[in-house]
Structure formats: C-alpha cells, structure tokens
Number of protein chains: 2
Amino acid sequence: MNESFKALSDPTRRAIIKLLRDKDRTAGEIAEHFQMTKPSISHHLNALKAAKLILDERQGQNIMYSLNTTVVQEVMGWFMDIIKKGEDET
Amino acid sequence: MNESFKALSDPTRRAIIKLLRDKDRTAGEIAEHFQMTKPSISHHLNALKAAKLILDERQGQNIMYSLNTTVVQEVMGWFMDIIKKGEDET
DNA sequence: TAAACATTTAGATAATTATCTAAATATCTA
DNA sequence: TAGATATTTAGATAATTATCTAAATGTTTA
C-alpha cells in the first residue's frame with residue numbers, strides 16, 4: 001500500500017494512469033504524451049509497476065502496459081475506510 | 001490535488017489521518033502516537049494542512065486538529081473517476 | 001509579570017527521488 | 001546475421017524531503 005501511495009504522489013505517474021484508463025498502451029505511446037525522455041518515463045512506469053498499479057506484457061518489440069484496476073480499487077478502499085468511519089457512530 | 005497526493009505519500013501522515021478519523025486531537029496527542037520528535041510531527045501536520053486534508057484551530061495552549069473530510073472525498077473522487085471509466089463502454 | 005506548557009519555526013544534514021545521457025538488451029525484418 | 005526499432009538499465013547530478021536540535025512564539029496560571 002505504501003508503494004501505491006508513493007507511486008501516486010507524482011503527477012506524471014497519475015497522468016500515465018489516466019492514459020491507461022482508456023486503453024492499454026505501449027511504453028512508446030505513453031512516452032509520446034510527455035515532454036520527458038523515454039528513460040525517465042520508463043522510470044515512472046517502473047514505480048507504477050512496483051506498486052502493481054499497472055501490468056506489463058511484452059508484445060513483440062513493444063511492451064504493452066495496462067491498468068491493474070484491482071489495486072486501484074484497493075487504494076480507493078483506504079479512502080472509503082477513512083470516510084465511512086463515523087457513520088456507525090449514530 | 002497534487003499537494004494532497006504528496007501529503008498522502010508518507011506513512012506517518014496517513015497514520016495521522018487515521019487518528020483523526022476517530023476524533024479531533026491536539027498536536028501533542030497526535031505526537032504521542034509516534035516515535036518521532038514533536039517538530040517532526042509538526043512538519044507532517046503542516047504538509048497535511050497545506051493540502052487542506054486537515055484543519056487546525058487553536059484552543060488555548062493547544063492546537064486542535066481535525067480531518068477535512070471534504071478534501072478526503074475529493075481525492076477519493078480521483079480514484080472513482082479512474083474506476084468508473086470503462087463502465088460506459090458497454 | 002515570571003515560569004511553565006504546547007507548539008511551531010529555523011537551520012542543518014542525510015536520504016530519497018526525478019531527470020538526464022550513454023549504453024545495454026530484446027525483438028523484428030531484410 | 002546485420003541493421004533498425006523499442007525499451008530498459010546504469011551511472012551521474014540536482015532537487016526534494018524527513019528528521020533532528022535549538023530557539024522562538026503563543027497561552028495559561030501562580
């Protein structure tokens with residue numbers, strides 16, 4: 001969970017997640033959306049991968065990245081937990 | 001929003017939020033829960049305050065901190081947005 | 001008003017991280 | 001198999017951040 005929060009603390013990485021929300025994309029396609037070198041994007045992809053927020057699969061020359069919605073939901077659960085407590089105080 | 005995510009990337013700060021979920025607490029009460037100096041906790045409280053995730057109000061000698069659930073919900077909304085997209089793809 | 005208490009601010013240091021360039025790895029195609 | 005393409009890894013550097021001690025600020029009470 002800590003890895004996830006750390007991964008999400010960077011705006012570039014959150015933007016990558018939003019890109020992957022729509023459809024799976026290769027590392028190159030992802031990199032195109034940013035004014036940053038490919039190695040830097042690769043570094044960010046690694047952080048997201050370490051947190052299991054995204055999944056990678058090689059497809060020929062490309063590596064296709066996809067969103068791991070399960071883990072996104074897990075993190076969202078942390079927030080739900082914060083919000084919901086207090087409800088049962090009635 | 002970036003401030004919020006940055007603030008949430010630290011485990012101490014997330015623990016502080018969980019403490020405030022149950023009830024409002026003074027800076028001293030919060031500090032008691034951690035093996036860390038009060039200035040360090042103050043630094044973390046500042047980060048949370050900068051993100052508007054918590055609110056502070058002086059009460060005599062103490063400063064009482066409380067959770068700003070509105071902002072917590074806003075951040076949770078970011079996750080909802082990630083998850084919900086794809087639903088309307090049917 | 002002086003002493004005590006609660007908290008923050010300032011300044012220093014060590015650790016982490018974001019980014020770059022250069023080089024390595026993996027795959028495809030001619 | 002050689003060259004082209006896609007991506008990552010390595011190594012360096014600059015910026016950010018977490019933490020500490022010491023000092024300052026604000027409040028209460030005797």
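Each chain gets a letter, A, B and so on, in the order the sequences are listed, and its residues count up from 1. Note that this is a predicted model, so its numbers are computed, not measured.
Counting heavy atoms from C-beta on, the side chains of B:L8 and B:R13 never come closer than 4.5 Å. No side-chain heavy atom of B:L45 sits less than 4.5 Å from a side-chain heavy atom of B:D56. By the 4.5 Å heavy-atom criterion applied to side chains, A:K18 and B:D81 are counted as neighbours.
A:L55 and A:Y65 are not part of a single hydrophobic cluster, where members link through side-chain heavy atoms under 4.5 Å apart. Hydrophobic clustering, with ILVMFWY side chains joined whenever heavy atoms are under 4.5 angstrom apart, keeps A:M64 apart from A:V72. When the side chains of ILVMFWY residues are joined at heavy-atom separations under 4.5 Å, either directly or via intervening members, A:I41 and A:L19 end up in a single hydrophobic cluster.
In this structure, B:L8 places its CG atom 14 Å from P of D:dT17, rounding to the nearest Å. Going from atom CZ of A:R13 over to atom C1' of C:dT19 covers 12 Å, rounded to whole Å. Protein atom CZ of B:F5 is 15 Å distant from nucleotide atom P of C:dA18, rounded to whole Å. In this structure, A:I63 places its CD1 atom 18 Å from P of D:dT5, rounding to the nearest Å. Here D:dT17 presents its C1' atom at 14 Å from CG of A:N2, a figure rounded to the nearest Å.
Closest heavy-atom contact between B:S9 and A:S9: CB-CB, 3.4 Å.
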Stepwise side chain to side chain contact (heavy atoms under 4.5 Å, CB included) test for A:T70 and A:K52: CA-CA 9 Å; A:T70 302; A:K52 299 209 178 73; over 6 Å; no
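Ring geometry for B:F5 against B:W78 counts as perpendicular: the plane angle is over 60°, on a 0 to 90° scale with 30° as the lower cut.
Considering only side-chain N and O atoms, A:Y65 lies under 4.0 angstrom from the phosphate OP1 or OP2 of D:dT8. When the side-chain nitrogen and oxygen atoms of A:T26 are compared with OP1 and OP2 of D:dT7, one or more of them lie within a distance under 4.0 Å.
Within 4.0 Å of B:K6, counting heavy atoms only, lie sugar-phosphate atoms of the nucleic acid but no base atom.
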Where protein sits on nucleotides 25-30 of chain D, one letter per nucleotide: B base, S sugar-phosphate only, - none, heavy atoms under 4.0 Å: -SBS--
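For DNA chain C, the neighbouring residues in residues 30-46 of chain B, judged by any heavy atom under 4.0 Å, are B:K38, B:P39, B:S42, B:N46.
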